[in-house]
Amino acid sequence: MTDEMSTRKINSFQKQKNKEEMQKMVVSFALMIFFTLVAFALVMLEVPSTYVIPILLLLAFVQVGFQFFYFMHLKDKGHEVPAQIIYGGIFITVMVALTFTIITWW
Amino acid sequence: MGMTSAQKSGFGATLWDWLTTVDHKKIGILYLAGGGFFFLLGGLEAVIIRIQLISPENNFISAGLYNEMITMHGTTMIFLAAMPILLGLMNFIMPLQIGARDVAFPFLNSLGFWLFLFGGLLLNLSWFTGAPDAGWTNYAPLSIQSPGHGIDFYIMGLQLSGAGTLMGGINFIVTIVLMRAPGMTYMRMPLFTWTTFVASILILFAFPALTVGLFLMMFDRMFGSAFFDAALGGNAIIWQHLFWIFGHPEVYILILPVFGVFSEVFPTFAKKRLFGYTAMVFATFLIAFLGFMVWAHHMFTVGLGPVANSIFAVATMAIAVPTGIKIFNWLFTLWGGSIKINTAMLWSLAFIPSFTIGGMTGVMLASAVADYQYHDTYFVIGHFHYVIVGGTVFGILAGLHYWWPKMFGRYLHEGLGQLSFWTFFVGFHLTFFIQHFLGLMGMPRRYWVFLENQGLDTGNLISTIGAFFMSFGVIVFLINIIYTTIKGKKASGDAWGSGRTLEWAISSPPVHYNFKQLPLVRGLDPLWIEKTEGNKKVTPAEPLDEIHMPNGSILPFIMTIGFTIASYGFIYQTESKYWLIAVYAGMAIALISMLIRSLKDDHGHHISKEELERVGD
């Protein structure tokens with residue numbers, strides 16, 4: 001009940017902010033689509049793999065960033081704790097991956 | 001609880017109530033009961049192990065059965081006893097401490113409990129056809145080659161209960177982040193809430209490694225893959241890594257919550273605020289952080305090389321620092337306090353030297369060079385029983401005695417409590433202290449028999465006598481529970497008279513909506529602040545208004561039944577493809593339950609303002 005009331009009472013300031021937020025979302029979504037197209041194009045044009053692999057990794061990295069910060073709201077105020085927990089998770093995943101590559105398979 | 005005692009209901013209605021409950025307090029009690037049941041099973045297995053080792057070349061049980069005993073004892077105690085009992089305490093107490101009316105996801109909470117219970121029951125069903133026998137660590141390639149279905153039960157049982165635990169962990173994190181009462185900033189949270197939070201984060205990060213490991217093992221055993229089979233290009237060490245990437249944080253999941261318990265018990269019975277609160281929080285995080293980068297100290301003898309071994313040895317030794325901070329903070333909390341000794345306090349006081357001995361042998365084991373001597377001997381057995389029994393079990397018993405009046409409205413009997421404490425405490429040290437020396441003399445762990453006249457006879461006899469003392473202590477504790485339930489002294493809201501945190505501000509046992517009005521938290525130890533200002537009650541943060549509560553649901557139970565049937569099917573489909581019917585039927589039951597849950601709107605119910613006014617205080 002109270003939720004509906006408050007959504008109806010959104011003031012112009014919040015409207016403006018929501019609009020900006022939406023713009024950012026659309027822009028980052030478009031960029032992600034573009035990155036995906038670039039990735040596919042690079043592979044289809046048969047660019048040598050010494051160039052393609054680092055570029056793909058870089059594109060993937062940026063896309064993950066967009067995903068986390070824009071679509072999962074990590075950049076927003078009030079999301080500091082979930083953000084910290086996700087950074088912790090990334091840290092542990094990277095460490096585990098490193099372990100497997102360095103001490104198990106090398 | 002309040003509801004059932006007010007209106008006397010039949011057995012069927014009571015059962016239905018418990019099967020469908022989403023109340024965090026009832027789920028907490030279910031966790032305690034389920035965990036307690038498995039604790040007794042694991043204890044029985046321990047006694048059987050000790051009877052087998054009472055004399056040289058004993059023939060009490062066969063070698064194969066002995067392997068099953070040690071495997072099931074370890075697995076049961078860690079996954080099905082210690083952790084669920086802790087989850088039970090967290091479930092009951094943590095929402096009360098932060099001034100919440102329930103956890104963030106009550107439905108998920110219920111599902112988590114049922115998955116744990118049925119996972120545990122599934123694992124124990126293996127006793128009828130042959131239990132797992134590759135040790136609780138289940139190392140490949142031994143576990144890959146183990147005949148029969150024992151290991152399959154281990155895989156599916158742990159997968160189920162592990163999923164339940166993961167849900168519990170996520171639930172607690174969200175609850176603590178989002179549902180703290182007005183004014184309850186992070187640095188005003190009681191230490192038990194803090195350690196619940198950190199242990200939940202550990203669950204969230206550590207359990208996926210176990211899940212992945214179990215899946216790989218499942219595919220190797222049931223579907224002909226070769227992740228761990230060196231002959232086909234696999235690598236058995238991967239299992240060890242995955243298991244210990246999970247397994248080391250797991251032991252911190254077991255110990256951190258009881259650190260929280262002691263941090264509640266000491267201030268209450270010393271009538272002083274916790275010494276070094278900020279340092280305690282910091283140390284908890286530091287332990288959790290370091291806990292993730294030490295797993296390979298379980299694998300020093302695998303042959304990782306001197307560089308890897310050294311890094312992990314140093315990281316392991318570093319953990320002694322934050323743990324030491326905690327030990328000293330507890331001692332300083334006691335220093336100059338107006339100390340009241342009772343059973344909860346005895347368990348807590350006994351914890352400090354016992355756990356410190358375990359920590360000390362831990363640092364010895366952390367030295368990679370020395371570990372080549374200790375590895376796989378009774379020295380290791382002595383070490384981890386000192387930290388898990390002397391830490392976790394003592395902490396659980398301290399917590400149970402401390403919060404029993406809050407959970408059930410009656411005090412556990414003090415005399416029986418002290419009898420069980422002293423017998424268990426003496427028995428514990430008798431059993432495990434001597435095992436360090438047995439290990440140093442060369443007695444390997446997991447061996448079915450030992451030979452005569454090798455200097456191991458007396459030590460093993462003493463160890464077994466100690467186990468009988470511990471069993472006596474546990475039996476006295478059970479009698480205490482029964483006695484208390486029937487004739488125990490009734491407890492008031494602030495049962496110990498010196499409660500500091502919010503759970504003591506409400507009635508014992510609490511009403512099902514916990515707080516009639518959400519409390520206003522004005523600092524650390526909110527109830528104590530109100531008391532020092534002469535207030536009888538905590539200041540409310542909101543006017544009296546209707547309360548929104550979740551509805552109960554049978555779906556988690558049905559979903560779990562579905563998953564259990566499917567797991568059973570997975571185990572036996574290697575023998576006959578007809579068992580796939582069980583897989584499909586079980587998954588269908590679970591998925592349909594999920595579909596119903598998703599499509600059917602359930603907005604919960606409201607407790608009206610008039611009803612709340614009628615209840616009074």
Side-chain angles (χ1 to χ4, degrees), chain A residues 1-11 13-14 17-18 21-22 24-25 49 53 56-57 60-106, chain B residues 169-170 172-174 176-178 180 185-186 189 197-198 200-209 212-213 227-228 233-242 244-246 248-249 285 288-296 299 302-309 311-312 315 545-546 548 603 606:
Chain A
M1 265 246 288
T2 45
D3 285 342
E4 284 168 36
M5 297 278 276
S6 58
T7 31
R8 247 179 270 139
K9 272 194 270 173
I10 287 180
N11 57 34
F13 173 72
Q14 270 169 324
K17 281 201 89 175
N18 287 355
E21 181 72 27
M22 195 60 193
K24 280 182 194 162
M25 287 245 185
S49 61
I53 290 171
L56 287 191
L57 284 175
F61 193 74
V62 175
Q63 287 209 18
V64 168
F66 274 133
Q67 184 71 31
F68 274 139
F69 286 98
Y70 285 93
F71 290 97
M72 290 168 73
H73 301 282
L74 278 204
K75 63 175 173 39
D76 294 4
K77 257 206 175 132
H79 291 226
E80 290 84 4
V81 176
Q84 287 301 323
I85 295 177
I86 287 185
Y87 297 148
I90 293 170
F91 172 74
I92 286 158
T93 319
V94 168
M95 196 176 57
V96 168
L98 273 180
T99 315
F100 275 101
T101 43
I102 292 171
I103 62 182
T104 313
W105 285 315
W106 236 327
Chain B
I170 293 169
F172 292 150
I173 293 175
V174 179
I176 292 172
V177 172
L178 292 181
R180 285 165 290 129
T185 58
Y186 279 105
M189 292 196 317
F197 184 56
V198 175
S200 302
I201 294 175
L202 288 181
I203 290 177
L204 178 65
F205 291 161
F207 266 74
V212 170
F227 294 107
F228 306 127
N235 187 343
I237 304 299
I238 294 173
W239 168 265
Q240 291 194 26
H241 276 296
L242 284 173
W244 288 117
I245 286 168
F246 148 77
H248 201 82
F285 268 102
F289 178 72
L290 290 173
F292 264 103
M293 33 197 80
V294 297
W295 77 89
M299 303 163 61
V302 159
L304 300 176
V307 177
N309 276 6
I311 292 170
F312 282 101
D545 203 353
E546 62 174 14
H548 182 205
H603 295 300
H606 287 86

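A, B, ... follow the sequence lines: proteins, then strands. Residue 1 opens every chain.
- Partners of A:His73 according to the side chain to side chain donor-acceptor pair (under 3.5 Å) rule, which considers only residues two or more places apart in sequence or in another chain, are A:Asp76.
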*Quick one: do A:Phe91 and B:Phe289 satisfy ring pair (Phe, Tyr, Trp, His ring centres under 6.0 Å)? Show the steps, please.*
CA-CA 10 Å; A:Phe91 172 74; B:Phe289 178 72; 5.6 Å; yes
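- With a threshold of 4.5 angstrom between heavy atoms, A:Ile85 approaches chain B through its backbone and through its side chain.
- Crowding of A:Lys17 atom NZ: a count of heavy atoms from other residues, nucleotides or ligands under 6.0 Å not exceeding 12.
- Counting heavy atoms from C-beta on, the side chains of A:Val96 and B:Phe292 never come closer than 4.5 Å.
- Considering CD1 of A:Ile92 and CG of B:Leu204, their distance stands at 9.0 Å, rounded to 0.5 Å.
- The side chain to side chain donor-acceptor pair (under 3.5 Å) search around B:Trp295 returns B:His241, not counting sequence neighbours.
- Rounding to the nearest 0.5 angstrom, the gap separating the CD1 atom in B:Ile237 from the CZ atom in A:Phe100 is 10.5 Å.
- With rounding to the nearest 0.5 angstrom, the OG1 atom of A:Thr99 is 5.5 Å from the CD1 atom of B:Ile245.
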